[in-house]
Amino acid sequence: MRLPSEPSGYTMPAEYARHDGTLMIWPVRPGSWGRDPKAAQEAFSAVIRQLAFHERVFLLADPADADDVRNRFADLSSRVTVLPVPTDDAWARDVGPTIVTKKDEAAGISWRFNAWGGTYDGLYAHWEKDDAAAEAFCRAVNLPVIRYDDFVLEGGAIHTDGDGTLMVTESCLLSPGRNPALTKEAIGECLMKALGTDKILWLPRGIYQDETNEHVDNVCAFIAPGEVVLAWTDDETDPQYALSRADLDYLEAQTDARGRRLKVHLLPIPDHPVLIREDDMANFVFEEGEDTREAGERLAASYVNFYFANDCLLVPQFGGENAPSDARARRILQELCPHREVIGIPARAILTGGGNIHCITQQIPEGVIKGGLSC
């Protein structure tokens with residue numbers, strides 16, 4: 001199918017609903033994780049091991065690395081399933097399928113992926129393996145595929161409350177590198193038909209320096225129907241202030257698909273900017289056409305890039321001078337989610353790659369994995 005033309009009959013469950021598991025991808029790309037990816041792999045491993053206490057993990061790995069990755073998680077072989085699927089990088093949120101359900105059925109949507117902007121402002125020159133990853137995973141777990149070959153979208157660009165409301169940012173979905181031939185109204189119609197939602201909240205902006213054209217998952221997230229957390233700073237001189245202020249003004253004027261006024265909780269960003277260091281630069285190896293970095297560059301650090309798993313919430317932690325900010329974020333989220341275990345994960349090594357915990361995880365809703373695997 002080229003574009004969603006009629007309502008699919010499926011809906012996208014909220015991330016905070018129960019899962020069968022989580023999809024992740026093993027990190028090896030030198031331009032994201034360095035010629036020595038040890039730090040990133042340790043951070044990914046921390047996420048994988050925490051998730052394995054709560055649900056299954058399906059881990060894509062390049063076929064050349066699959067046996068080594070299986071050995072790394074041999075003690076969790078009943079909880080971590082390694083699938084030999086090649087990818088260009090490790091952003092499971094963006095290249096994995098968006099899984100939708102109806103009654104006892106499920107399907108995985110394979111959107112078109114073009115490395116966050118294609119030839120206009122994409123982050124690397126070749127993304128063919130990433131574009132094929134969603135369908136490859138669906139085949140491996142015997143999940144029907146719905147392909148929207150003419151609609152560019154990444155999983156980090158959408159959040160749903162599971163009750164009819166979808167949330168996105170204008171800065172991302174209306175960027176010229178995504179779907180320039182479609183109007184805002186047409187993009188919204190496509191999303192609502194594909195995902196079974198009734199209303200879209202179009203936040204104006206995302207996180208400063210977010211190279212995905214400001215994905216929603218880095219700035220605002222549902223924690224319940226009608227309830228969101230928004231990345232925030234009180235410092236009016238910080239470049240993030242104007243972006244978050246615009247989002248707050250917008251959200252306070254909106255209702256959701258069920259007519260509820262939105263309850264907005266502010267979640268402060270780190271007190272100190274997280275910057276690229278000289279030792280980070282010494283480790284990176286960039287390919288031709290790949291977006292590069294510079295020492296001293298500010299990274300898009302946000303605690304909103306957390307991930308809901310069964311009975312827990314995994315929250316990025318940046319450490320060092322931001323340790324008090326880390327503790328504050330855990331405390332706020334624990335108060336907002338009292339029935340979940342809030343777990344901090346050292347995640348600076350993920351952030352230097354360009355994203356964080358939510359970006360490297362993709363939920364598999366409950367009832368999706370049935371029978372054996374085709375791998």
Got [X] and [Y] here, is their nearest side-chain heavy-atom distance under 4.5 Å?
| X | Y | answer |
| --- | --- | --- |
| Asp217 | Val304 | no |
| Ser32 | Phe286 | no |
| Ile360 | Trp91 | yes |
| Asp62 | Thr87 | no |
| Arg178 | Phe151 | no |
| Tyr307 | Val47 | no |
| Arg340 | Asp311 | no |
| Glu154 | His215 | yes |

Salt bridge present between Arg147 and Asp149 (N-O < 4.0 angstrom):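 Salt bridge flag = yes for Asp149 with Arg147.
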
Do the side chains of Asp89 and Lys129 get close enough for a salt bridge, i.e. N-O under 4.0 angstrom? no

When rounded to the nearest 0.5 angstrom, what is the spacing between [atom1] in [X] and [atom2] in [Y]?
| X | Y | atom1 | atom2 | value |
| --- | --- | --- | --- | --- |
| Asp94 | Trp111 | CG | CH2 | 13.0 Å |
| Thr101 | Tyr10 | OG1 | OH | 9.0 Å |
| Leu83 | Met24 | CG | CE | 13.5 Å |

Verify same cluster id: Leu262, Leu243 (apolar side-chain graph, 4.5 Å):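 Different clusters: Leu262 never reaches Leu243 through Ile, Leu, Val, Met, Phe, Trp or Tyr contacts under 4.5 Å.
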
Going only through I, L, V, M, F, W and Y residues with side-chain contacts under 4.5 Å, is there a path from Ile207 to Leu173? yes

Counting only heavy atoms from other residues, nucleotides and ligands, does the tally under 6.0 Å from [atom1] of [X] exceed 12?
| X | atom1 | value |
| --- | --- | --- |
| Lys263 | NZ | no |
| Glu252 | CD | yes |
| His265 | NE2 | yes |
| Glu128 | CD | yes |
| Asp75 | CG | yes |
| Lys184 | NZ | yes |

Would you tell me whether [X] and [Y] have side-chain atoms, one donor and one acceptor, within less than 3.5 Å of each other?
| X | Y | value |
| --- | --- | --- |
| Gln362 | Arg93 | yes |
| Glu55 | His19 | yes |
| Asp271 | Ser325 | yes |
| Thr212 | Asp210 | yes |
| Thr81 | Arg56 | yes |

Between [X] and [Y], is the ring centroid distance below 6.0 Å?
| X | Y | answer |
| --- | --- | --- |
| Tyr241 | Trp232 | yes |
| Tyr250 | Trp202 | no |
| His358 | His159 | yes |

Tell me, please, whether Tyr303 has Arg330 positioned over its six-membered ring: NZ or CZ under 6.0 Å from the ring centre and within 45 degrees of its axis? no

Report the C-alpha distance between Gln50 and Leu314 in whole Å, list the side-chain angles of each, state the deciding distance to 0.1 Å, and finish with yes or no for side chain to side chain contact (heavy atoms under 4.5 Å, CB included). CA-CA 8 Å; Gln50 285 292 348; Leu314 305 186; 4.2 Å; yes

Can you classify the ring geometry of Phe308 versus Tyr16 as parallel (below 30°), tilted (30 to 60°) or perpendicular (above 60°)? perpendicular

Show your working on ring-ring contact (aromatic ring centres under 6.0 Å, His included) between Trp33 and Phe44 and close with a plain yes or no. CA-CA 11 Å; Trp33 316 112; Phe44 273 62; 5.3 Å; yes

Before you tell me yes or no, could you show the steps for Asp130 and Tyr124 under side-chain hydrogen bond (donor to acceptor under 3.5 Å, both in side chains), namely the whole-Å CA-CA distance, both residues' side-chain angles and the distance that decides it to 0.1 Å? CA-CA 11 Å; Asp130 276 351; Tyr124 40 79; 2.4 Å; yes

